[in-house]
Amino acid sequence: MSNIKVRFAPSPTGFMHIGNTRTALFNWLWAKKLGGKFMLRIDDTDKLRSKKEYEDVIRDNLTWLGLTWTEEARQSARFDRYNEVTKKLKAEGRIYACYETPEELEFKRKRALSKGLPPIYDRQALSYTQEDIARFEAEGRRPHYRFKLLPGEIKWNDMVRGEVKYEAEKLSDPIIIREDGSFLYHLPSVIDDFDFGITHIVRGEDHVTNTASQVQMFEALGGTVPTFAHLPLLTGKEGKLSKRLGSMGVSELRAEGIEAMSICSFLAKLGTSEAIEPYYDLQSLADTLDFGKIGRAQPKFDEEELKHLNTKLVHGLSYNQVKNRIEGDETFWDAVRPNLSIVSDVNLWDSICHKVVTPVIEDKDLTSMAADLLPPEPWNSETWNQWVGEVKAKSGKSGKALFHPLRKALTAQDNGPELKILLPLIGREKALKRLLGQAA
RNA sequence: GGUCCCAUCGUCUAAUGGUUAGGACAUCACCCUUUCACGGUGGUAAUAUGGGUUCGAAUCCCGUUGGGAUCACCA
């Protein structure tokens, strides 16, 4: 049994969007490929912004996508553990108290920037005297805490970026505890990864500098540093990561009729050197996962391309894969699916065959003539050819002029499945009325 | 501004110093279908820019331009 373990750690402060989903997917696929475990961790250290509603939607989306988890944790339930670690690190001098107000910090940053200096924390707090601290406390100030980075080179071998190096001196000591005593993301995340035995962390490249400081946190905890993979961030069509991209949720895509496997196939292959094509199960996607094939440039996410892929995927869906959610039998499905963009459009064709349709009459002479020539039932798949042959002979029309008016009258649609198959399903009674311009 | 990353057809990318710069998606044309769609075949289409290094550069080096990330008491 593999000891590989990955996690997806969303903060329940918003819905699942395309970027989130991609991160979850790559983690899941990696665990699947290596026979490891996938855990869900709710990063709800920010009590104000975390909402149960978001959490529910995240779970629901993951389940729908098929990204199931076998273990779960919640940061808000682990504060005792975080406090314990913090106490130890304070004693070791790796965590220190600071008394600057947010305004003072903001001022320092601006001043550094205006002098052309990097806005790195100046560690003034390390030189406080007892008197300074007493004075701050007397003023009613409460401390926040930072993690002290050790000078020197920080490096790791990234599964997508190769060797990554940072100089600790060029990084700010991250604030890990707020003035109100609550934890910020950095340290709890590391403690959890350490405690739960996470072996690989796959996340967006917006985390690379966080990783640099977190590497030192893992070391301070005395743990092994997990293996990292930082995925290039997705951008929008126009170049910049647009609001639209940020708001493009799994729930919305699902509501639009996009298949879960379309989303997974698309996100797993976008930005890689492999063709973006439909995969019908996560296992086969996992088999092909290779972090080395992920490019380092930022791919553009285009919803249109996702829709194209979805259409292609739907065309390849067998009856067995959809029978639980559609009307109609296998013959019907096979006849209709090459015309579908989304599975639920099958219902449109089902209702065209079995419910009331208001026909569109384009060529009254032709359609009423065709109505007269309609043969008696029973009908089969050859009926169409025989009938249309007669209509053609008598009207002298052929090609589009012949077919389009018939299609519009019988289905009220501009395009669709082969009429040869549809006609017997519609039946003589409805066909006759529709050809005469009556709703039926 | 510091640090880090990136730049090849419209899009995702391949080509680890010598290729007619390849593939996939999209697009276009043709074929199939007595219509559309589906399907099949084929075509158009790219190395951001300026310097080097080299017999030879998409590839290595430097500059320029452009894009992105980060530098939060968000995660």
Side-chain angles (χ1 to χ4, degrees), chain A residues 9-14 20 43-46 48-50 75 98 100-102 105-106 109 112-121 142-146 161 164-167 169-172 174-186 188-189 203-210 212 230 232-235 237 239-241 266 269-277 293-302 304-305 308-309 311-312 315 335-341 384-385 388-389 391-392 397-408 411 413-420:
Chain A
S11 59
T13 55
N20 259 350
D43 279 14
D44 56 351
T45 53
D46 189 341
L48 283 168
R49 300 196 306 147
S50 297
Q75 293 198 319
C98 303
E100 295 94 341
T101 62
L105 290 174
E106 181 62 23
R109 264 193 297 275
L113 239 23
S114 70
K115 281 176 19 191
L117 264 27
I120 295 170
Y121 179 58
R142 305 293 311 148
H144 59 276
Y145 294 85
R146 289 185 188 260
R161 319 189 110 213
V164 182
K165 289 185 206 167
Y166 275 93
E167 287 173 59
E169 292 87 338
K170 290 183 175 160
L171 267 22
S172 274
I175 297 176
I176 52 164
I177 300 175
R178 293 187 183 88
E179 189 179 337
D180 67 5
S182 63
F183 287 94
L184 258 45
Y185 151 81
H186 288 89
S189 177
R203 50 182 11 177
E205 71 180 4
D206 51 335
H207 279 284
V208 287
T209 46
N210 288 336
H230 290 93
L233 263 21
L234 261 23
T235 62
K237 225 190 312 190
K240 190 128 168 127
L241 190 133
F266 190 74
K269 297 305 175 192
L270 178 65
T272 72
S273 53
E274 294 176 291
I276 299 174
E277 56 188 12
K293 286 187 175 167
I294 298 174
R296 300 184 66 177
Q298 301 183 332
K300 290 181 182 62
F301 176 87
D302 183 350
E304 284 308 308
E305 293 193 36
H308 280 295
L309 180 73
T311 300
K312 200 171 171 186
H315 292 169
V336 161
R337 71 176 166 167
N339 282 277
L340 304 178
S341 298
W384 169 261
N385 283 339
V388 169
V391 176
K392 182 187 180 184
K397 295 192 174 175
S398 66
K400 193 165 185 170
L402 173 65
F403 279 79
H404 201 256
L406 294 178
R407 175 178 288 285
K408 288 289 268 188
T411 69
Q413 304 292 318
D414 278 312
N415 52 49
E418 282 191 78
L419 288 166
K420 174 182 167 175

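Listed candidates were B:U35, B:U34, B:A69. Nearest to the side chain of A:Val388 is B:U34. The A:Tyr166 side chain lies nearest to B:C4 when the options are B:C36, B:C4, B:U34. Listed nucleotides B:C73, B:U35, B:U3 differ in distance to A:Leu184; the shortest reach to its side chain belongs to B:C73. Nearest to the side chain of A:Phe403, among B:C73, B:A75, B:U35, sits B:U35.
In this structure, A:Arg296 has no salt bridge (charged side-chain N to carboxylate O under 4.0 Å, His left out) partners at least two apart in sequence or on a different chain. Judged as a side chain to side chain contact (heavy atoms under 4.5 Å, CB included), and not counting sequence neighbours, the contacts of A:Asp44 are A:Pro12, A:Ile42, A:Ser50, A:Arg74, A:Gln75, A:Ser76. Residues satisfying the side chain to side chain donor-acceptor pair (under 3.5 Å) criterion with A:Thr13, sequence neighbours excluded, are A:Ser11. With sequence neighbours excluded, the residues forming a side chain to side chain contact (heavy atoms under 4.5 Å, CB included) with A:Leu184 are A:Ile175, A:Arg178, listed by chain and number. Applying the side chain to side chain contact (heavy atoms under 4.5 Å, CB included) rule to A:Asp414 yields the partners A:His404, A:Lys408; only residues at least two apart in sequence or on another chain are considered. Listed by chain and number, the residues in a side chain to side chain contact (heavy atoms under 4.5 Å, CB included) with A:Ile177 are A:Thr86, A:Tyr145, A:Phe183 (sequence neighbours excluded). Taking A:Arg109 as the reference, A:Glu106 meet the salt bridge (charged side-chain N to carboxylate O under 4.0 Å, His left out) condition, with sequence neighbours excluded.
Ion pairing of A:Glu274 with A:Lys269 is present here, as a side-chain N (NZ or NE/NH1/NH2) and a carboxylate O approach within less than 4.0 Å. Residues A:Glu205 and A:Arg161 are paired through a salt bridge, judged by an N-O separation under 4.0 Å between the basic side chain and the carboxylate.
Looking at heavy-atom distances under 4.0 Å, A:Tyr121 makes no contact with the nucleic acid at all. A:Thr45 comes within 4.0 angstrom of the backbone, heavy atoms only, and of no base. In this structure, A:His404 reaches neither bases nor backbone, as no heavy-atom distance under 4.0 Å exists between it and the strands shown. When heavy atoms are screened at a 4.0 angstrom cut-off, A:Asn385 is found touching base atoms of the nucleic acid. Note on A:Leu113: a base of the nucleic acid sits closer than 4.0 angstrom, heavy atoms only. Within the 4.0 angstrom heavy-atom criterion, only backbone atoms of the sugar-phosphate kind lie near A:Arg109; the bases stay farther away. Here A:Gly389 lies in heavy-atom contact (under 4.0 Å) with a base. Residue-level contact check: A:Leu171 touches neither bases nor backbone, having no heavy atom under 4.0 Å from any strand.
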Do nucleotides 37-47 of chain B as a string where each nucleotide becomes B, S or -: B if the base has a protein heavy atom under 4.0 Å, S if just the sugar-phosphate does, - if no protein is that close. BS---------
Contact string for nucleotides 5-12 of chain B, one letter per nucleotide 5' to 3', B = base within protein heavy-atom range under 4.0 Å, S = sugar-phosphate only, - = neither, reads SS----SS
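With P as the reference atom, B:A45 and B:C36 are 28 Å apart, rounded to whole Å. Between the P atoms of B:A48 and B:A21, the separation comes to 15 Å (whole Å). B:A46 and B:U53 have their C1' atoms separated by 25 Å, given to the nearest Å. Separating the P atom of B:A57 from that of B:U19 is a span of 10 Å, rounded to the nearest Å. When the C1' atom is compared between B:A37 and B:G22, the two are found 31 Å apart, to the nearest whole Å. Comparing the same atom, C1', in B:G43 and in B:U20 gives a spacing of 16 Å after rounding to whole Å. Separating the P atom of B:C71 from that of B:A14 is a span of 29 Å, rounded to the nearest Å. Comparing B:G66 with B:C28, their P atoms are spaced 35 Å from each other, to the whole Å.
Here B:G2 presents its P atom at 12 Å from CD1 of A:Ile120, a figure rounded to the nearest Å. Atoms CG (A:Leu48) and P (B:C73) sit 16 Å apart, rounded to a whole Å.
At distances below 3.5 Å, not a single donor-acceptor pair connects side-chain atoms of A:Thr272 with backbone N or O atoms of A:Lys293.
Nucleotide B:C4 forms a pair with B:G68, judged by Watson-Crick or G-U wobble geometry with both contacts under 3.5 Å. Pair assignment for B:A29 gives B:U41, based on Watson-Crick or G-U wobble hydrogen-bonding distances that are each under 3.5 Å. B:C9 makes up no base pair with any nucleotide shown, lacking Watson-Crick or G-U wobble contacts both under 3.5 Å. Under the Watson-Crick or G-U wobble criterion, with both distances below 3.5 Å, B:A15 has no partner in any strand shown.
You cannot call A:His186 stacked on the base of B:A75; the centres under 5.5 Å and planes under 30° rule is not satisfied.
Heavy-atom distances to RNA chain B give each of A:Ile175 and A:Lys400 a nearest nucleotide, and the one nearer the 5′ end belongs to A:Lys400. Of the two residues contacting RNA chain B, namely A:Asp414 and A:Pro119, the nearest-nucleotide position lying further toward the 5' end is that of A:Pro119.
A:Asn210 contributes a side-chain N or O that forms a donor-acceptor pair with the base of B:A75 under 3.5 Å.
Note: A:Tyr185 and A:His207 have tilted aromatic rings, judged against thresholds of 30 and 60 degrees for the angle between ring planes.
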